[in-house]
Amino acid sequence: MKKELKNTNGLYPSLTTLVGTVVEGKVNFLTIAHVGIMDMKQISVSLNKSHYSNAGIRQNKTFSVNIPCVDQVCKTDYCGLVSGKSVEKASVFSVFYGTLKTAPMIQECPVTMECRLVKTIDFPSHDVFIGEIAGTYCDEAILTDGKIDAGKLHPLLFVMHDTSYWTLGEPYAKAWDIGKRERKHRG
Ligand SMILES: Cc1cc2nc3c(=O)[nH]c(=O)nc-3n(C[C@H](O)[C@H](O)[C@H](O)COP(=O)(O)O)c2cc1C
């Protein structure tokens, strides 16, 4: 028996990220759970138009997407509680830059990406910024054979239904592999 939950967005958990911008010369970070993968090199962040960060992305045509780990939950939540309009958030984290000089990245985050703005989709309430990944920087400690190891990353997952941060569980099965059993079964 199914219960209809009107038009509830059921697409959670999603990954919790911190988006870095420079707004009027000031570094700013905000917390974003509405992130998307457009293709292997392009990602999207959906920002409510009321946020301070949007102007920085428009001004510089760059932004960063940083993946905090569980140790940074307090600072991550703080960046989603207060606005750069009234609070200075530059000193919350240590900042570094890659090739793009206006996409501040977070030293404490195990994975960071600097992005070049390629497209903005103008929704009534949100700006969806699509960025091409110009550089990805990872802590060596979370790599296995040179690849990001989700088991070492300890990302924060966000669930809107109970407004909680969750942690990642164990690997369950191999993709593009476990389904071969079904393929065999179906002949
Ligand atoms: C866990 C979490 C996830 C959030 N996800 C989003 C999001 O996907 N899009 C959005 O516009 N705001 C999101 N927010 C709210 C912004 O982070 C928050 O309003 C922030 O203060 C805006 O900062 P700014 O005004 O300095 O840009 C989220 C907040 C939290 C705590």
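The structure displayed is predicted, hence computed values, not measured ones. Note that ligands are numbered from 1 as they come in the structure, with each ligand's atoms numbered from 1 the same way.
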Exam field: side chain Thr17 to backbone Val65, donor-acceptor pair closer than 3.5 Å: no
Residue contacts for ligand 1, heavy atom to ligand atom, distance under 4.0 Å: Asn28, Leu30, Thr31, Ile32, Ala33, His34, Ser46, Leu47, Asn48, His51, Tyr52, Ser53, Asp77, Cys79, Gly80, Val82, Ser83, Gly84, Lys89, Phe158, Tyr165
Throw together a table of side-chain donor-acceptor distances under 3.5 angstrom for residues 106-116, partners on residues two or more places apart or in other chains.
from, atom 1, to, atom 2, distance (Å)
Glu108, OE1, Ser94, N, 3.1
Glu108, OE2, Ser94, N, 3.1
Glu108, OE2, Ser94, OG, 3.3
Thr112, OG1, Tyr137, O, 3.4
Glu114, OE1, Thr99, N, 3.2
Glu114, OE1, Leu100, N, 2.9
Glu114, OE2, Thr99, N, 2.9
Glu114, OE2, Thr99, OG1, 2.9
Glu114, OE2, Tyr137, OH, 2.7
Arg116, NH1, Glu132, OE1, 3.3

Quick one: side chains of residues 177-187, donor-acceptor pairs under 3.5 Å with protein atoms, not counting sequence neighbours, listed by atom name and distance.
from, atom 1, to, atom 2, distance (Å)
Asp177, OD1, Lys180, NZ, 3.3
Glu182, OE2, Arg186, NE, 2.7
Glu182, OE2, Arg186, NH2, 3.2

For Asp139, is there an ion pair with Lys152 - N to carboxylate O distance below 4.0 angstrom? no
Do Tyr52 and Lys89 get their side chains close enough for a donor-acceptor pair, meaning under 3.5 Å? no
Just distance, no hydrogens or angles: give the donor-acceptor pairs under 3.5 Å from side chains in residues 32-44, sequence neighbours left out.
from, atom 1, to, atom 2, distance (Å)
His34, NE2, Tyr12, OH, 2.7
Asp39, OD1, Lys41, N, 2.9
Asp39, OD1, Gln42, N, 2.9
Asp39, OD2, Gln42, NE2, 2.9
Ser44, OG, Gly36, N, 3.3

